[in-house]
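One structure below.
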Amino acid sequence: MSARELVVLGTASQVPTRHRNHNGYLLRWDGEGILFDPGEGTQRQMLRAGVAAHDLNRICVTHFHGDHSLGLAGVIQRVNLDRVPHPVTAHFPRSGQRFFDRLRYATAYRETVGITEAPVDTDGDLARTPGYTLDARLLSHPVESYGYRLTEPDGRRMLPDRLAAHGIAGPDVGRIQREGSLGGVPLDEVSEVRRGQRFAFVMDTRLCDGVHVLADGCDLLVIEATFLDEDESLAVEHGHLTAGQAARVARDAGVRHLVLTHFSQRYPDPAEFERQARAAGYQGELTVARDLLRVPVPKRR
C-alpha cells in the first residue's frame, strides 16, 4: 500500500445515490491519516475501505452542510469506542462551533479520547509537523467554507556524479547532509532542491481567490465538480463549480493529478465529467472519483 494515497469514501453531493455515498476522503500521509468532510455513512464506508479509527490523526471539515459533516457523530464515537491511543485534532470553521458541538455530543457515549478542537477563522497555517504544513483558505459558499492544503517541506536530492567528482562517498554523504558542508564543499554543490509534495482539498465553492491559491502547483488536487458546464448558472447560484471550471483551475495551477468529485445526483453518466474536463484543456492525470477508490499521490518529480 502506498504511504501516500487518497482513499475515497464517498462522492455524492447533497443527495446520496445507489452508487455514491455522501462525502468522505482519507488522506494517508506517511504514518498519519487526515479525514476530510465525513458525511453521513462515513463510518460504514471506512469499514468497507479498510480504514480504522486508529488511522485518524486529524479531521478537517470544510463547512457544516450535512453531506460534509453528518458523519462526524459516528466517527468521533468510533474513535472513542476504539480508544485510539494518539491525539486526534479536528479543524472546522469557527462559525460552525455550535454544529460541531451538537454532532460531537449527539448521543450518550463514554469519552475515552480527547479530541482537540482547532477551529478555523482566517486564512493561514493550522499546523506544522516535520512532515507537512496544513493551512486553510476561505472559499465562496452560502455558508462559511474553507479549503485545506498540505505542503511537504522542500528537501535535498543528492547528485551522485557531483559527489563522485568531489570524492564524497559512504558515511561522508550523510555527514555533508547533516552539516551543510564537508572539506570546503557546500551541500549546494553536490545536491539540488527536491520540491516537497503538495495536496489540496477544495469542496463547495464558486470560483474565488482561495480556490486558485489552494490549487497552485499541487501534485494531487481533490476538487468538487457538482455540475456539468451547461448548468453553470445553477453552480453559481448554489455556490459550486462545474467540471470545466474545476479543470481550468487545475490547468492554470499546473496540477499533476486532478480528482473530480461531489457529483449531483442529476447526472447518471460520470464519463461526461471527464469529457468536459479534457475539453477545458486539462492535460494532466485525471480521475473521476468513485466510492472506495484509492488514488496514490504522484511520485516526486
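Heads up: numbering here begins at 1 and tracks the sequence. Below, all heavy atoms of this structure are taken into account, side chains as well, without hydrogens, waters or symmetry copies.
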Might you confirm whether atom [atom1] of [X] has over 12 heavy atoms from other residues, nucleotides or ligands at distances under 6.0 Å?
X    : atom1 : value
E40  : CD    : no
D209 : CG    : no
Q14  : CD    : no
R278 : CZ    : yes
R83  : CZ    : no
R44  : CZ    : no
R128 : CZ    : no
Q283 : CD    : no

message: Nearest 0.5 Å, please: how far is NE2 in H141 from CE in M203?
response: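 If we round to the nearest 0.5 Å, M203:CE and H141:NE2 are 11.0 Å apart.
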- request: Supply the atom-to-atom distance L187 CG to S181 OG, rounded to the nearest 0.5 angstrom.
  value: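 Reported to 0.5 Å precision, the distance equals 8.5 Å.
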Tell me whether [X] contacts the main-chain N or O of [Y] through its side chain, where contact means a donor paired with an acceptor under 3.5 Å.
X    : Y    : result
R251 : A280 : yes
E285 : H257 : no
N23  : A12  : yes
T242 : Q245 : yes
Q177 : D172 : no
T62  : Y146 : no
D154 : V193 : no

task: Considering only NZ, NE, NH1 and NH2 on the basic side and carboxylate oxygens on the acidic side, decide whether D252 and R248 come within less than 4.0 Å.
output: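 A salt bridge is absent here (no side-chain N lies under 4.0 Å from a carboxylate O).
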query: Between H240 and H238, is the gap from one ring center to the other below 6.0 Å?
result: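 Between H240 and H238, the centre distance exceeds or equals 6.0 Å.
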- prompt: Less than 6.0 Å separating the ring centroids of H22 and H68?
  reply: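 Ring-ring flag for H22/H68: false, centres at least 6.0 Å apart.
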Using the rule that Ile, Leu, Val, Met, Phe, Trp and Tyr join whenever any side-chain heavy atoms are under 4.5 Å apart, tell me whether [X] and [Y] fall into a single cluster.
X    : Y    : answer
V236 : L234 : no
F36  : M46  : no
F92  : L70  : yes

When you compare the side chains of [X] and [Y], does any donor N or O come within less than 3.5 Å of an acceptor on the partner?
X    : Y    : result
Y267 : D231 : yes
H262 : T226 : yes
D291 : T11  : yes

Look at the rings of [X] and [Y] and say which category their plane angle falls in: under 30° parallel, 30 to 60° tilted, over 60° perpendicular.
X    : Y   : value
F100 : F64 : perpendicular
H54  : H86 : perpendicular
H65  : H63 : perpendicular

message: Could you go through N80 and Q77, starting from their C-alpha distance and side-chain angles, then the distance that decides it, and tell me whether this counts as side chain to side chain contact (heavy atoms under 4.5 Å, CB included)?
response: CA-CA 5 Å; N80 283 272; Q77 290 189 28; 5.7 Å; no
- request: Only counting residues at least two apart or in another chain, list the ones meeting ring-ring contact (aromatic ring centres under 6.0 Å, His included) with Y25.
  value: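 Partners of Y25 under the ring-ring contact (aromatic ring centres under 6.0 Å, His included) test: F201.
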task: Under the side-chain contact (heavy atoms from CB on, under 4.5 Å) rule, collect the residues that match up with E192, sequence neighbours excluded.
output: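 Expected list: R157, L159.
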task: For residues R195 and R301, determine if any side-chain heavy atom of one lies less than 4.5 Å from a side-chain heavy atom of the other.
output: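 Result yes, sub-4.5 Å side-chain heavy-atom pair found.
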task: Taking the side chain as every heavy atom from C-beta outward, state whether I59 and P38 have any atom pair closer than 4.5 Å.
output: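 They are in contact (side-chain heavy atoms under 4.5 Å apart), so the answer is yes.
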